[in-house]
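Notes for the one structure printed next.
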Amino acid sequence: MPGPPPRDNKALALRGAGLVAIAVVSGLLWFLIRHDSTPDEPVAQPPAQNTGQYQFTQVAGPAKSTDCAAKSYGDTQKFFRESPCQSLVRALYTTETGGAKALVSVVVVGMPDSTKAKALKTLTEQDGTGNVTDLVKDKTFAGTGTPSVSGPDAAYASKVDGTNTTIVLADFYAEHTDKKLIEKIADDALRLSADLKG
């Protein structure tokens, strides 16, 4: 009775080496895919706006409307009753610098023409004339220790870009005070309007 055919050890060794090589290459590819140069962002984390002096993280909004009279108060509300806006977008951001945390309201109002956009800016620049209701004031956003960005210590900044008026209000958490710093933060936050238009 003939015995089992002789084994081809060389062929087996080559097959084994080929399988090991495939496993090593697969493992390397998996490692490179999982550990590329860009770290994974947390899924629930909103995008940070970090192309200016301060880094802003959106915490509320954008809330969109076309009824500016219903979303404003004081003389600003009267202004909107006579000159209705075409669009309104409101959002809230936070930023931290030097251990101080600030809450920032950014509002973009679309007016029918640039003349009315400039008139709105002129009106809201004055004390005691009301403003667009921010998302803290209308209780859309609430949290522990949330500052009132429309309070007496809040910083104000505004600009007109064509028919759009951007209004920024900002104040610190934990009753921190630094007038120059909060004004710089408000001025820098004007650029966030680019993300809220449309």
(message) Quick check on the hydrophobic clustering: are L190 and F56 connected, directly or via other members, by side-chain heavy-atom contacts under 4.5 Å?
(response) yes
(request) Start with the C-alpha gap between T166 and V106, add the side-chain angles, then the distance that decides, and say whether side chain to side chain contact (heavy atoms under 4.5 Å, CB included) holds. (result) CA-CA 7 Å; T166 301; V106 180; 4.2 Å; yes
(request) Any pair with a residue in residues 145-156 that passes salt bridge (charged side-chain N to carboxylate O under 4.0 Å, His left out), sequence neighbours left out, goes on the list, sorted by first then second residue, please. (result) none
(message) Give me each pair satisfying disulfide bond (SG atoms under 2.5 Å apart) with a member in residues 142-190, each pair once, sequence neighbours excluded.
(response) none
(request) Sequence neighbours left out, what pairs pass salt bridge (charged side-chain N to carboxylate O under 4.0 Å, His left out) with at least one residue falling in residues 73-86? (result) D75-K78
(message) Can you tell me how far apart CG (L92) and CZ (F141) are? Round to the nearest 0.5 Å.
(response) 6.0 Å
(request) Any chance you could measure S105, atom OG, to D171, atom CG, to the nearest 0.5 Å? (result) 11.5 Å
(message) Quick one: does any side-chain atom of S83 pair with a main-chain N or O of F80 as donor and acceptor, under 3.5 Å?
(response) no
(message) According to disulfide bond (SG atoms under 2.5 Å apart), does anything in residues 80-135 pair up with another residue at least two apart or in another chain? List the pairs.
(response) C68-C85
(request) Any disulfide bond (SG atoms under 2.5 Å apart) involving residues 91-168? Give me the pairs, sequence neighbours left out, ordered by first then second residue. (result) none
(request) Quick one: pull up NZ in K159 and OG1 in T165 and give me the separation to the nearest 0.5 Å. (result) 11.0 Å
(message) Contact between V168 and V104 at the side-chain level, heavy atoms closer than 4.5 Å - yes or no?
(response) yes
(message) Test: salt bridge (charged side-chain N to carboxylate O under 4.0 Å, His left out). Region: residues 84-100. Which pairs qualify, not counting sequence neighbours?
(response) R90-D138
(request) Would you please name every residue forming a side-chain hydrogen bond (donor to acceptor under 3.5 Å, both in side chains) with D188, sequence neighbours left out? (result) R191
Determine all donor-acceptor pairs shorter than 3.5 Å in which one atom belongs to a side chain in residues 126-134; sequence neighbours excluded.
from: Q126; atom 1: NE2; to: T122; atom 2: O; distance (Å): 3.1
from: T129; atom 1: OG1; to: L123; atom 2: O; distance (Å): 2.7
from: T129; atom 1: OG1; to: Q126; atom 2: O; distance (Å): 2.9
from: T133; atom 1: OG1; to: K71; atom 2: O; distance (Å): 3.2
from: T133; atom 1: OG1; to: S72; atom 2: N; distance (Å): 3.4
from: D134; atom 1: OD1; to: V136; atom 2: N; distance (Å): 2.9
from: D134; atom 1: OD1; to: K137; atom 2: N; distance (Å): 2.8

(request) Give, for atom OG1 of T94 and atom CG of L103, the distance between the pair rounded to the nearest 0.5 Å. (result) 7.5 Å
(message) If I take atom OG1 from residue T95 and atom CG from residue L192, how far apart are they, to the nearest 0.5 angstrom?
(response) 9.5 Å
(request) Mind checking the OG1-CG spacing from T163 to L120? Nearest 0.5 Å is all I need. (result) 11.5 Å
(request) Taking the side chain as every heavy atom from C-beta outward, state whether K64 and S87 have any pair of such atoms under 4.5 Å apart. (result) no
Just list the side-chain donor-acceptor pairs under 3.5 Å for residues 178-186, sequence neighbours left out, or say none.
from: D178; atom 1: OD1; to: L181; atom 2: N; distance (Å): 3.1
from: K179; atom 1: NZ; to: E183; atom 2: OE2; distance (Å): 3.1

(message) Do V107 and F79 sit in one hydrophobic cluster, given that two such residues count as connected whenever their side-chain heavy atoms are within less than 4.5 Å of each other, even indirectly?
(response) yes
(request) Kindly give the heavy-atom pair with the smallest separation between P62 and A91, and that separation in Å. (result) CA-CB, 4.3 Å
(message) Test of understanding: with side-chain contact (heavy atoms from CB on, under 4.5 Å), list the residues that count as partners of P112, not counting sequence neighbours.
(response) Q86, K116
(message) Suppose the criterion is ring pair (Phe, Tyr, Trp, His ring centres under 6.0 Å): which pairs have a residue in residues 148-177, not counting sequence neighbours?
(response) F172-H176
(request) Please confirm whether the backbone N or O of A69 pairs with a side-chain atom of Q77, one donor and one acceptor, at under 3.5 Å? (result) yes
